[in-house]
Amino acid sequence: MPSEEYVELVLSAVERIPPGKVMAYGDVAEYVGQGGPRQVGWVMAHHGGAVPWWRVVRADGRPHDKAGEAVRRLRSEGVPFRDPDGERVDMRAARWMPDLSRPR
DNA sequence: AGCCTGACAGATA
DNA sequence: GTATCTGCCAGGC
């Protein structure tokens, strides 16, 4: 079980993702500098309700909630999809990383 | 220790 | 394009 501090790091990173953009689990892990994609997944599974969880997707662009609420929200934010079905986000265009030079 | 599981990722076939 | 496998990190049994 990750420390509370780790949980906070992950959640704060997710909170910074602007509408219309997304981050992969691995991206979040890289940003917080510890753990891995699966740890981020753990955090989201247990504390995701408090943050814009739908902006965290798999590296291949598939949202966790396939064809469900995530896709609906992402579409309404203008996130580009590779296919009309909304199966996969266009990561090339929608991928985002926090501005390291301007933390907080 | 050994094996299994998971909101994952990358490589390979 | 899909399907599998292996690696990854942390935890549960």
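Worth saying up front: this structure is predicted, and the values here are computed from it rather than measured. Naming: A, B, ... by sequence-line order, numbering from 1 per chain.
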Under a 4.5 Å cut-off applied to non-hydrogen side-chain atoms, are [X] and [Y] in contact?
| X | Y | result |
| --- | --- | --- |
| Val56(A) | His64(A) | no |
| Asp65(A) | Val71(A) | no |
| Val40(A) | Tyr6(A) | yes |

Pick the C1' atom in dC13(C) and in dA7(B), then give their distance to the nearest Å. 23 Å
To the nearest angstrom, how far is [X] atom [atom1] from [N] atom [atom2]?
| X | N | atom1 | atom2 | value |
| --- | --- | --- | --- | --- |
| Asp83(A) | dT2(C) | CG | C1' | 15 Å |
| Leu74(A) | dA7(B) | CG | P | 19 Å |
| Arg62(A) | dG1(C) | CZ | C1' | 14 Å |

Under the rule for salt bridge (Lys or Arg N to Asp or Glu O under 4.0 Å), what residues qualify as partners of Glu8(A), not counting sequence neighbours? none
Starting from the 5' end of DNA chain C, give me the residue, Gly36(A) or Arg82(A), whose nearest nucleotide shows up first. Arg82(A)
Under 4.0 Å between any heavy atoms, over every strand shown, what does Trp53(A) touch: base, sugar-phosphate, or nothing? Just pick one. base
If you look at every strand shown and take non-hydrogen atoms under 4.0 Å, does Arg88(A) touch a base, only sugar-phosphate, or nothing? sugar-phosphate
Taking the six-membered ring of Phe81(A) as reference, does the NZ or CZ atom of Arg75(A) fall below 6.0 Å from its centre and within a 45° cone about the axis? yes
Would you mind building the protein contact string for nucleotides 8-13 of chain B? One character per nucleotide, 5' to 3', B for base within reach (heavy atoms under 4.0 Å), S for sugar-phosphate only, - for untouched. BSS---
Salt-bridge criterion met for Arg55(A) and Glu77(A) (N-O under 4.0 Å): yes
